[in-house]
Amino acid sequence: MARILSGMRPTGKLHLGHLFGAIQNWAKLQEEYESFFMVADWHALSTRYMHPETIKQDIFEVIADYISGGIDPEKCTFYLQSHVPEIAQLHLLVSMITPVSWVERSPTYKDQVSALGQDVATYGFMGYPILMTCDIICVKGNFVPVGQDQLPHLELAREIVRRFNRLYGDVFPEPQPKLTKYALVPGIDGRKMSKSYNNSIYLSDDPNVIWKKIKKTTTDPQKIYKGDPGHPDICPIFYYQKLFNTEEKCNCIDQNCKSGALGCAADKKELYEKMMVFLKPIQEKRKELEDNPQIVYDLLERGGEKARAIVKETLKEVKHVMKLD
Ligand code: TRP
């Protein structure tokens, strides 16, 4: 059976963008593929090494959201990157064959150094995509469900795999990206939903917080009064409606917004109710995990052991072809 692998850096609580852009997709894929989902805590350290104390709590939040969002430990393997130290060994060995020029041209490296400054101009951060490559190939992943922003990393992963296989024989499959339909969910200000823009609706937000956020959400600026014809295509509220409603219902909202029969206030109220029905079971599950955090840590431990057994095999094979055994 083909294998998929995906992961996230532990950035804290997950929002609707993560749920619809990644988690729900993963939850479906775990039914069809042998699935591995990891939390990339070393990757987090590559940009946050100066504040490592916050990472642990963020790991908990991400895992709690994975599980409550539908990632099922019985159907897949999920784990923490640092629980599988063999990945670091593989990273070292793969570094030997990766030309500096390949990592230097990584767009994320350059962007992040100009956005975050010299603090991230480290050897470790430069190796970010090599480490990500190893996350994928350590379990011989065939498909990698990711957003558009990760495609350059995946391209590099494929190049590294080709070079490795050319040098040492066919050890790794070339990992292919698997893009999702809802790759980009808008935030409440209309920009991409992102923690750093402060425009996110979190899975764990209290209902009253969610309602406040929905009330604040920008809509079509040309629709001032209920009767004004709206443009749902540029409205984040309509985008959210599409996440929670049938196509038929969405067509109806679309028409009523355009005709002026539906005002933004009523539209928002309806959205809120739909969203809460959807989020309720997720929030209940999450509450259970918050009350018993040991459940999360035990699952992580178990997942780590499962992943480790597989990665150890891969590393053995790599050491063999690199004449290290
Ligand atoms: N780079 C990814 C991100 O920032 C996280 C990540 C780490 C990842 N290792 C991975 C994604 C392996 C897919 C596969 O979101």
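Counting convention: from 1, in listed order, for ligands and their atoms alike.
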Should the pair [X] and [Y] be assigned to parallel (<30°), tilted (30 to 60°) or perpendicular (>60°) ring geometry?
{"X": "Y128", "Y": "H43", "value": "tilted"}
{"X": "W26", "Y": "F37", "value": "parallel"}
{"X": "F36", "Y": "Y79", "value": "perpendicular"}

#### Entry: Selection residues 290-299 - residue pairs positive for salt bridge (charged side-chain N to carboxylate O under 4.0 Å, His left out), sequence neighbours left out
R286-E290, K287-D291
### Message
What I want to find out is whether E159 reaches R105 closely enough, with some N-O distance under 4.0 Å, to be called a salt bridge.
### Response
yes
Quick check for students: name every N or O atom pair between ligand 1 and the protein closer than 3.5 Å, with distances.
from, atom 1, to, atom 2, distance (Å)
ligand 1, 1 (N), Y128, OH, 2.8
ligand 1, 1 (N), Q150, OE1, 3.0
ligand 1, 4 (O), R9, NE, 3.0
ligand 1, 4 (O), R9, NH2, 3.3
ligand 1, 4 (O), Y128, OH, 3.0
ligand 1, 4 (O), Q150, NE2, 3.4
ligand 1, 9 (N), D135, OD2, 2.7

### Message
Show the nearest heavy-atom pair for residues L154 and Q176, with the distance to one decimal.
### Response
CD2-C, 4.0 Å
